[in-house]
Each structure stands twice: as structure tokens, then as C-alpha cells.
**Student:** 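Right, I'll just put the structure down here and ask away after.
Keep in mind that this is a model prediction, so the values were computed, not measured. Letters A, B, ... are given to chains in the order of the sequence lines, protein chains preceding strands, and every chain is numbered from 1.
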Amino acid sequence: MVDIVVRKIVVGVEDVFHEGGPRAAVPLRRGWVAAVIENPYAGAYVENIQPMMDDLKPLGLAMARRLAEALGGAKAVQGYGKAAIVGQAGELEHGALWHAPGGYGMREVLGGAKAIVPSTKKVGGPGTRIDVPVTHINASYVRSHFDAIEVGLADAPRAREMVLILVMTTGARVHARAGGLAVHEIKGEDGLR
Amino acid sequence: MTQARIRRLLTVVEETRTEMGRTIDPPTRKAAAVAVIANPFARRYVEDLEELMVIGEELGDLLGRKAVAALGVRPEAIESFGKAAVVGEGGELEHAAAILHPRLGKPLRAAVEKGAALVPSAKKMGGPGIAIDVPLGHKDAAFVRSHFDAIEVHVADAPRADEIVVAVAVADSGRPLPRIGGLQKHEVVGKDGLR
């Protein structure tokens, strides 16, 4: 059992009205939540790190709730993604600990989203920014929803910290017109199409 | 016929030899091939993005082969892939989508021989020197947990306002010290792209 010690949680939301083309009737909303936590494995190689995945579940759930709320409720959410930035006293593998609990939290809140949650991870210092990929929550191949949100915090991660991130969106890119699988064509069986 | 007006091509290879004080032998290796191209639709809204889709097909082939060549391995030795684009301020996000999604994947899959999985991707708008994290996932089974990763790329002088930076990444291995469980690469069936 590992204590999850949170230093701060930050939420960001942007409303996109247009990008040089026709103005959207309903703006696309894109949001992110980042938690800065202590890295209990910083400073030395620890072989068995898997227990922390369960310990992170409550945080994953709380973050997913908070983010969905910021976007207008779980029903409004159509896209998602996750990421981790590990401070320099840690290793890349510590970022991978976020896969299971981050995905769990969002699926709980969104009511069983079917698609794999796209992700990125890296090691970095304070101010490091990371591009968090976004795909449709029920069908990875929905082309209008492929996106990414850049997230970073000026003062994190410190050497012995990790920044854990979830992102969600409320719809397609604001001028989506690259074709491909559309939302109304989703079968919703395999999480892909 | 070449459609893309390419200003620069770059490749970067990352080889990790130690992690957390432990020797990684053989080293894990990932590579990215990057093209800086002119955006034919900069500074105006154009409805039909076909021209960028053709460019995407061309770059999937060019960058896919370059990235694999940078690792110096046979195509079938590639285990992961990913793609990304950054659009200069004179363009729009959708230009990245038109390059990355409709046609780039097929020639990239040919370059790595197979590739049943979705090619993970990222896109954004930005100015010269901006970095982008290119997601990496196992090429035949998206759920292989040891291979979830990313590689950061940037070009100091790009994208200018009327340019797009397009990146393709590949890896011949997963993370350096994978130990968080999940689907393992030796368990991959490789039919549905997921497992």
C-alpha cells in the first residue's frame, strides 16, 4: 500500500468557437485535469511497483468526476485521453502506472466507455508540457474526434513528483471535414468502430 | 508525382542504455522521421482538403521508410508506431487531420510490414520550435501495455505560419523497464488490432 500524496490539482477548460472557418453553433469544449503527486519510487530502482495502480484508483475517479463536471457533465463527454510526466528522480515506467487507474476513473464516470484510452508519457522537469492524445470514447476510429490537448504546469513535476493527467472533449474538431468513420456510424461493439 | 513541398527532413534516434541505474541490454530504441512542408491552404479557409490527404499518403511512405531505416532494422522488427502533426498559425487544426488520418496509415503499415492496430496520433497548432509528443503503441495490438510510450520531437525553425510539421515515429522495443503487467507482446494474436 502506497500513500498517494497530492500537492495540487489543476483544471483547465477551453471553448473553441471557430478556427478561421464557419463559427460553430455550439462551441467545442476541451478540458484537462492534472494532479501533482509525490513519486513514492523516486530515487532508486524498485522492482515491484504494481500495487500503486490500485492505490491510484480513488484519485483517478475523483479527477474524472471533476473534469466531467467542468465540461458540463458526463453526458456531454465524447472524447478522452490520458498522460503522465515523471519528475527527473523517477523513471518512465512510473508514468505507466497511470494507465489502469486513469482509464478506470474515466470509464466509471462516463458509464463504460468502450475505446482504449490513448496516452503519452515522458520524463521531464517543471514546466514540461505534454501532448495528450484524444479519441472518441466508444470507437477509436472516429476520425472527427482525433485531437490532442497540450498540458503543462509551470512548477511541476519537481524531481520527486509526477503529474498525472486526464483530458476530455465534448465533440468533433471545430471544422472537422477529413471524412472517415462518423459518430452516427459507430457500431460500438469492439471499441474500434 | 510529388505533391508535398518539403523544406526540411529530419530523423532522430533515441537509444536508452541505462534507466534508473540499470543497464538496458539490448538498448531500447525509438526513431522519428519529420518533414517540414508548405501548407497549401495557409491563410484562407478551404473546404475540400483532398490535396492534404494526397500529401499524407506521400509522407506516410517517405517518413515511414525513413524512420525504419534510421533504426537500421528490417521492417518486421518494428514493434511500435505513431504519428503527429503541428500546423503553423496560418493554418487550422483540420489540416493536420487531413494529412494524418485518411491516407497516411496505409503506406506506413507497409513500411513496418503489417500493423493491424490503430496508429496513435496527436495534433496541434503552434509556432517555430514547439515540441510535440508523438504517441507510440504496439503496431499489431493496441493493448500491449509495455509499448505505450511517446517520443518528443521539435524543429527549431518550424512550423512557420504557412508550414506544417509532420512526424512519424517507430520503435523496435517497448519501454526500458516494463513491469506494470497487462497484455504482453508474446501473447499478441494480431488480428483485431487490439490484442
Side-chain angles (χ1 to χ4, degrees), chain A residues 16 18-22 41-50 52-53 81 83 89-100 115-116 118-124 128-135 140-141 143-144 146-150 172-180 190-192, chain B residues 16 19-22 28 43-49 52-53 56 82 84 86 90-102 117-118 120-126 130-137 142-143 145-146 148-152 174-182 192-194:
Chain A
V16 184
H18 76 86
E19 229 196 305
Y41 305 123
Y45 178 80
V46 177
E47 175 62 33
N48 183 17
I49 57 176
Q50 289 196 20
M52 190 178 175
M53 292 196 281
E91 54 165 312
L92 190 64
E93 194 64 13
H94 300 156
L97 291 167
W98 187 228
H99 284 295
I116 192 169
S119 62
T120 46
K121 63 178 66 63
K122 64 183 168 188
V123 174
T128 295
R129 303 186 68 79
I130 189 160
D131 298 299
V132 191
V134 175
T135 59
S140 299
Y141 276 96
R143 199 178 283 166
S144 55
F146 287 130
D147 202 348
I149 301 176
E150 189 187 302
R173 295 180 306 279
V174 73
H175 301 319
R177 61 188 188 286
D190 58 3
L192 290 173
Chain B
T16 300
E19 173 93 338
M20 214 66 175
R22 302 206 140 199
T28 56
R43 298 172 203 279
R44 63 206 164 103
Y45 180 82
V46 176
E47 182 62 32
D48 181 356
L49 302 176
L52 286 172
M53 298 179 195
V86 187
E92 53 163 316
L93 192 64
E94 200 61 15
H95 297 160
I99 289 177
L100 293 175
H101 301 306
L118 180 82
S121 63
K123 64 177 68 63
K124 65 182 172 186
M125 307 284 300
I130 197 165
I132 187 155
D133 300 300
V134 189
L136 283 165
F143 276 102
R145 206 181 276 170
S146 55
F148 290 131
D149 199 357
I151 178 170
E152 185 185 301
R175 294 186 305 277
L177 299 168
R179 58 188 188 287
I180 58 154
D192 63 3
L194 291 172

**Student:** Give a yes or no on whether the backbone of B/L93 and the side-chain of A/E19 come within a donor-acceptor separation of less than 3.5 Å.
**Tutor:**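 Yes; at least one donor-acceptor contact below 3.5 Å.
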
**Student:** Holding to side chain to side chain donor-acceptor pair (under 3.5 Å), I want the full list of residues that pass it with B/H101, two or more places apart in sequence or in another chain.
**Tutor:**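 Residues passing side chain to side chain donor-acceptor pair (under 3.5 Å) with B/H101: B/K123.
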
**Student:** Side chain, backbone, both or neither: which part of B/A131 has an atom under 4.5 Å from a heavy atom of chain A?
**Tutor:**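 Backbone only.
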
**Student:** Please determine, among B/E94, B/R22, B/M53, the option with the most heavy-atom pairs under 4.5 Å with chain A.
**Tutor:**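 It is B/E94.
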
**Student:** Do A/E150 and B/I130 touch side chain to side chain, with heavy atoms closer than 4.5 Å?
**Tutor:**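 Yes. Closest side-chain heavy atoms under 4.5 Å.
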
**Student:** I'd like to know which of B/A98, B/S121, B/P120 tops the heavy-atom pair count under 4.5 Å against chain A.
**Tutor:**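 Result: the option with the highest number of such pairs is B/S121.
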
**Student:** For A/A42, is it the side chain, the backbone, both, or neither that has a heavy atom closer than 4.5 Å to a heavy atom of chain B?
**Tutor:**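 Contact with chain B: backbone only.
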
**Student:** With the side chain counted from C-beta on, respond yes when A/R173 and A/F146 share a heavy-atom pair under 4.5 Å apart, and no when they do not.
**Tutor:**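 The answer is yes; the side chains approach within 4.5 Å.
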
**Student:** Pick one of side chain, backbone, both or neither for A/K121, based on which atoms fall under 4.5 Å of a heavy atom in chain B.
**Tutor:**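 Both the backbone and the side chain of A/K121 come within 4.5 Å of chain B.
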
**Student:** I'd like to verify something: which residue of A/A96, A/G81, A/G43 has the highest number of heavy-atom pairs under 4.5 Å with chain B?
**Tutor:**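 It is A/A96.
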
**Student:** Using heavy-atom distances under 4.5 Å, tell me whether A/A83 contacts chain B through its side chain, its backbone, both, or neither.
**Tutor:**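 Neither; nothing under 4.5 Å.
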
**Student:** When you measure from the side chain of B/D133 to the backbone of A/D131, do you find a donor-acceptor pair of N or O atoms at a distance under 3.5 Å?
**Tutor:**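 Yes; at least one donor-acceptor contact below 3.5 Å.
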
**Student:** What I'd like to find out is whether the side chain of B/I180 reaches to under 4.5 Å of the side chain of B/R175, using heavy atoms alone.
**Tutor:**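 Result yes, sub-4.5 Å side-chain heavy-atom pair found.
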
**Student:** What part of A/H94 gets closer than 4.5 Å to chain B, counting heavy atoms only: side chain, backbone, both or neither?
**Tutor:**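 Contact with chain B is through the side chain of A/H94 alone.
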
**Student:** Go through the atoms of B/L118 and report whether side chain, backbone, both or neither lie under 4.5 Å from a heavy atom of chain A.
**Tutor:**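 Both the backbone and the side chain of B/L118 come within 4.5 Å of chain A.
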
**Student:** Please classify the contact between A/E91 and chain B as side chain, backbone, both or neither, with a heavy-atom cut-off of under 4.5 Å.
**Tutor:**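 Interface part for A/E91: both.
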
**Student:** Which residues pass the ring pair (Phe, Tyr, Trp, His ring centres under 6.0 Å) test with B/Y45, sequence neighbours left out?
**Tutor:**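 Ring pair (Phe, Tyr, Trp, His ring centres under 6.0 Å) check on B/Y45 returns A/H175.
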
**Student:** Could you check which of B/G126, B/P178, B/A142, B/G181 has the highest count of heavy-atom pairs closer than 4.5 Å to chain A?
**Tutor:**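 Highest number of pairs under 4.5 Å: B/P178.
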
**Student:** Where does A/L192 contact chain B at under 4.5 Å (heavy atoms): side chain, backbone, both or neither?
**Tutor:**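 Looking at A/L192, just its side chain touches chain B.
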
**Student:** A/S119, A/P118, A/G179: which one forms the most heavy-atom pairs within less than 4.5 Å of chain B?
**Tutor:**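 When all of A/S119, A/P118, A/G179 are compared, A/S119 has the most.
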
**Student:** Under 3.5 Å, is there a donor-acceptor pair between the side chain of A/Q50 and the main chain of B/R179?
**Tutor:**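 Yes: the side chain of A/Q50 pairs with the backbone of B/R179.
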
**Student:** Would the distance check show the side chain of A/T135 and the main-chain N or O of A/Y141 forming a donor-acceptor pair, the cut-off being under 3.5 Å?
**Tutor:**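 Side chain of A/T135 to backbone of A/Y141, a donor-acceptor pair under 3.5 Å: no, none is there.
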
**Student:** Side chain from CB out, backbone as N, CA, C, O: work out which of these in B/E92 comes under 4.5 Å of a heavy atom of chain A, or both, or neither.
**Tutor:**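 Its backbone and side chain both get close to chain A.
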
**Student:** For chain A, which candidate among B/E47, B/M125, B/R44 shows the most heavy-atom pairs at distances under 4.5 Å?
**Tutor:**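 Sorted descending by pairs with chain A, the first entry is B/E47.
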
